[in-house]
There are 2 protein chains.
Amino acid sequence: MRILGIDPGTRITGYGVIDVEGNRLLHVDNGIVSTRSSDPLANRLKTIYDGLQQVIETYQPVEMSIEQVFLAKNPRSALTLGHARGTAMLAGVNAELPVSEYSALQVKSAVVGYGHAGKHQVQQMVKALLNLPEIAQEDAADALAVAICHANSRTLNQAIVQSGRR
Amino acid sequence: MRILGIDPGTRITGYGVIDVEGNRLLHVDNGIVSTRSSDPLANRLKTIYDGLQQVIETYQPVEMSIEQVFLAKNPRSALTLGHARGTAMLAGVNAELPVSEYSALQVKSAVVGYGHAGKHQVQQMVKALLNLPEIAQEDAADALAVAICHANSRTLNQAIVQSGRR
């Protein structure tokens, strides 16, 4: 099963694609879609949408996983971030991908085993879990982390369903 | 020229379509796209996107006008509202409509001639300006107001350009 993880942002949206084969996680690709802050917001949203649509077309993931973003302290930043996050979710649902949401706590717990892990620990664990040659760009690493979180949560659910069947 | 005005919201997104013929404003349609609060956010965004896409297909507007929404007091509401607003803008840019944004102050000034006008005054003026048989639903009236604001701002720009040409 192929999962697309997203770390949304108006300036930089990170994406990470992984395959889940049994208990194994395989890295497929990671990267970012960046927008110019000088562009009108509508155009920046289109850049994010088109970029993610291209990633989806290229890698054909079957599920999307996206972080419930950190709440910005001021409503204006939260509003702007909401535009980017909504755009990313829409790129998913418009490609008929089920979209799952995870809190930062859930992502860190799944990846590092500790909900209050620092950014660097998350990046290191993503590198280790996916056998990356080097640490991925920050937003791309976060996107891979939320994809890993979804993979683990699915594996767990499957285990529960299987044990229920016995 | 046909303008689509939008008043975005996660629960109710209002839309209003008007034609501008010289100095005349003609009402074409208005309505709302509503979503179920029990649905996952991704599905609600798709409902808004598909609904507006259908309005665009039906009425073929050439420009979109959208309000710079009131900033919610808490970041969580602002974040959620941002998702809906981003979705509406994306429905516009994906249909290749230029998207213009106006503040509540600009909209009220354009429609009522007074930036701090109340909701009811705006609705009354929208009804009067467009010769509506009755007051439109609140969110639809706001959408018509932002369309009227864009029409006025365009007429003004045109007047300036014309006077510059003399």
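Residue numbers start from 1 in every chain, and the chains themselves are labelled A, B, ... in the order their sequence lines are given, proteins ahead of strands.
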Practice problem: Rounded to the nearest 0.5 Å, what's the gap from CD on B:Q68 to CZ on A:R76? Could you check? | Solution: 8.0 Å
Quiz item: For A:Q60, does the CD atom sit with more than 12 other heavy atoms under 6.0 Å from it, leaving out its own atoms?
Solution: yes
Quiz prompt | 4.5 Å side-chain heavy-atom contact, A:T87 and B:T87 | solution = no
Exercise. Step by step, work out the side-chain contact (heavy atoms from CB on, under 4.5 Å) result for A:V93 and B:L45.
Key: CA-CA 9 Å; A:V93 285; B:L45 299 182; 5.6 Å; no
Self-check item: Shortest non-hydrogen contact from A:A78 toward B:P75
Solution: CB-O, 3.3 Å
Quiz item: Going hydrophobic residue to hydrophobic residue with side-chain gaps under 4.5 angstrom, can you get from B:Y59 over to B:Y49?
Solution: yes
Quiz item: Around B:Q137, counting heavy atoms of other residues, nucleotides and ligands shown, do more than 12 lie under 6.0 Å from its CD?
Solution: yes
Pairs under 3.5 angstrom only: tabulate donor-acceptor contacts from the side chains of residues 120-128 of chain A to other protein residues two or more places apart or in another chain.
unit_1, atom_1, unit_2, atom_2, d
A:H120, NE2, A:Q124, NE2, 3.4
A:Q121, OE1, A:G118, N, 2.9

Quiz item: Rounded to the nearest 0.5 Å, what separation is found between the CE atom of B:M89 and the CZ atom of A:R44?
Solution: 11.0 Å
Quiz item: With side chains defined as the heavy atoms from C-beta onward, is the minimum distance between A:H83 and B:H83 less than 4.5 Å?
Solution: no
Quiz item: Does some side-chain heavy atom of A:R85 sit less than 4.5 Å from a side-chain heavy atom of B:L41?
Solution: yes
Practice problem: Is it possible for you to say whether A:L52 and B:L90 belong to one hydrophobic cluster, with membership spreading through side-chain heavy-atom contacts below 4.5 Å? | Solution: yes
Quiz item: For chain B, which of A:N94, A:D50, A:V99 has the most heavy-atom pairs under 4.5 Å?
Solution: A:N94
Practice problem: Kindly check if the number of other-residue, nucleotide or ligand heavy atoms within 6.0 Å of CZ (A:R2) is above 12? | Solution: yes
Self-check item: Student check: side-chain heavy atoms of B:L81 and A:L79 closer than 4.5 Å
Solution: yes
Practice problem: Consider only side-chain heavy atoms of I, L, V, M, F, W and Y, link residues closer than 4.5 Å, and tell whether A:V17 and A:V33 are in one cluster. | Solution: yes
